[in-house]
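Working notes, structure below.
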Amino acid sequence: MEKQPLFPQIHGIMHGGDYNPEQWLDRPDILEKDIELMKKAGMNCATLGVFAWSTLEPREGEYHTQWLFDIMDKLYENGIYTILATPSGAKPVWLSEKYPEVLRVDAYGMKNHRGFRHNHCMSSMIYRQKVRAVTEKLIEGAKGHPGLLMWHISNEFNGDCYCENCVKRFQEYLARKFDNDIDKLNKAWWTTFWSHTYNDFSQIEPPYVNGEFSIMGLNLEWKRFMTWNVTDYMKSEIALLKEKTPDIPVTTNFMQMFDGLDYRVLAKELDVISWDSYPVFHNDYESFADTMSRSAFDHALMRSMKKDKPFMLMESAPGLVNWHDFNKMKRPGVHRLFSLQTVACGSDTVQYFQWRKSRGSYEQYHGAVVDHLGTDDTRVFKEVEALGKELKKIAPVCGTLVKTPVAMILDWDTMWAVEDMKGLADSTKNYVKTCVDVFRVFLKLGVDVDIISSEDELTDYRVIAAPMMYLLQGGIADKIKQFVQNGGQVLATYLTGYVDENTLCYLGGFPGDGLSQVFGVISEEIDTLYPTDKNAVLFADGGSAAVCGYAEILRITGENVTVLGSYQDDYYKGLPAVTVNRYGQGSAYYVAARMEESGMRKIIKKMLKDSGVEAVKLPKGIERHQRTADGKTYCFYFNFTGEEAVIENVYGMELFSRKELSGKLILSSFEMAVILRKIG
């Protein structure tokens, strides 16, 4: 496997961030100082133009773009490349004043006033025309510029619109999906319930808050439509850029596990995946190690959308943010740990929002490399500067990839369907949290995990975890069947295979679509537990694990099923809670209850061992990641605790100290190391 660096021109890891010089055009002294400070901080890239539309086009058809290209010139002259954004993330006042149809309509059917950002309708052809016009001016000035590295499409796509145009497009979208057959839609959505049958696609409204929201198929399809509509809009921007600058890659910045859009659909249209990471550091509800492991989960989710190349950290806060419930400062050293964990998980960039703090408006107190003080002697600036030097020391990591034989199946459709279903407990479904908790078990065993969709192939993996796979789509049942038959190890949990892609329940027992044969069990009931309810799983080989949240009642149907654990209490005392079915050459594990980590760890360790995947013995609070290419492996170790840690069986050269290790790595509190190992 050869290296795949995103930007060979950089000769290492990109270090940069959002730069908003349009806010300082009346202060040439600050603009000059910015470049001086960027060089000192080790910056090699800046993102320009994200919210600059009103400066680029202050009045309709009146363009002022030269200031932008002059700054690109100065940056490049000083060794700093540019990621250039289209300005469509926030429209100027004149646009909505003259063309009010570009404003969104909310879920009550009321048109929004202008304001904030991302408040335009994706279906508006006028908006698309105006974006195209200003973008053409950017292309004219930037095309062929040696400093132009990438196009950044809009910013953090989000938000629904219920305007007449969107409703009409939704109806057309449904007609295409259901082959212009309204009876087909009625059957898929089970509209005879409550007498909701449609006679024509024109009768279908989106799920207004004060309208029809009781059809699960409608609610889910609206979510899918919004993703389709945003993707269609995004493609209109990409098409122009690719027509004029075909060799310049494009991206847009994602936002964690954002519940408004299925990012995997958007990802297909992008050259590179980039995202904005803002963990809630130093909170009062979890350990620092847990905060960091959630960060690793988010990185894995983004990385796995394009496994053949590194991803980009487009935004992060070098200090605090201004929109958390509690805006806590990063403690000394945390920025370094977070940034290097990002690289360890597969990113070739560390970028910030923002370079210099705004003097006013909504984000005037959002963290930045340069504070209102405007100097290079602040703690935050010094930490960024020090990180820039360290990133140069690990430049060979750039272009390497995270390769793992373990994957987790996580789908936006499943998340939407689980949260929308009327059953269980609204406050404890926690689909994403459940996936994170399973991910953490693998991470604590030193195993990286890809996070894939039901549409992805499973053949590259030996172990698959599929927590709460409530909705089955993309032929996933057949893929799992083949995967296990061919020797794979699969783990499923309660709430697996209840509904099809239209949220219709399977008949004949859960999990449906043939998965009951793979796992050798049928779920007859599912019990929802109050927080005060107590139960446990007693394992056949000794030990127990507490149960909370949910407990399914299983019927054993397979001849090769082994019961690994049974319930301790309640009317289902003694009934199976954890099973494994030998199916073909592989094994299918079914966990019928939400168990504490110790129980999941027992099962996952057995799966890894049986599949030949090496688990690593790590002290508590230690995280490990690997990137590989060109016959070399870079192994990252992080100590996210306040105590010294000793890790055994570590061999190779540590890149920061340049010391050879021959079996033992000692990490002081909140420290990390990068070990270069040659393969073979």
Side-chain ([X]) to main-chain ([Y]) donor-acceptor, under 3.5 angstrom:
X	Y	result
Thr557	Gly520	yes
Tyr461	Asp450	no
Thr349	Leu313	yes

Next item on the list: Provide the closest heavy-atom pair for Lys429 versus Gly423 in the form atom of the first, atom of the second, distance.
Entry: CE-O, 3.5 Å

Check: Is the centre of the Phe311 ring less than 6.0 Å from the centre of the His299 ring?
Finding: yes

Note to self: Does atom NZ (Lys3) have a neighbourhood of more than 12 heavy atoms from anything else shown, all under 6.0 Å?
What the structure shows: yes

What I want to find out is whether [X] reaches [Y] closely enough, with some N-O distance under 4.0 Å, to be called a salt bridge.
X	Y	answer
Glu614	Lys609	no
Glu524	Arg555	yes
Arg224	Asp413	yes
Lys620	Glu597	no

Notebook entry, point to check: What ring-ring contact (aromatic ring centres under 6.0 Å, His included) pairs are there with at least one residue in residues 548-578, not counting sequence neighbours?
Noted result: Tyr567-Tyr572

Notebook entry, point to check: Just how far is it from atom CG of Leu301 to atom CD of Gln256, taken to the nearest 0.5 Å?
Noted result: 9.0 Å

Notebook entry, point to check: How long is the span from the CD atom in Glu315 to the CZ atom in Phe254, to the nearest 0.5 Å?
Noted result: 13.5 Å

Notebook entry, point to check: Does the side chain to side chain donor-acceptor pair (under 3.5 Å) test come out yes or no for Ser611 and Arg462, once each step is laid out?
Noted result: CA-CA 6 Å; Ser611 64; Arg462 283 181 267 168; 5.5 Å; no

Next item on the list: Could you list the residues that satisfy salt bridge (Lys or Arg N to Asp or Glu O under 4.0 Å) with Glu390, not counting sequence neighbours?
Entry: Arg336

Item checked: For Phe670, ring-ring contact (aromatic ring centres under 6.0 Å, His included) partners two or more places apart -> Phe288

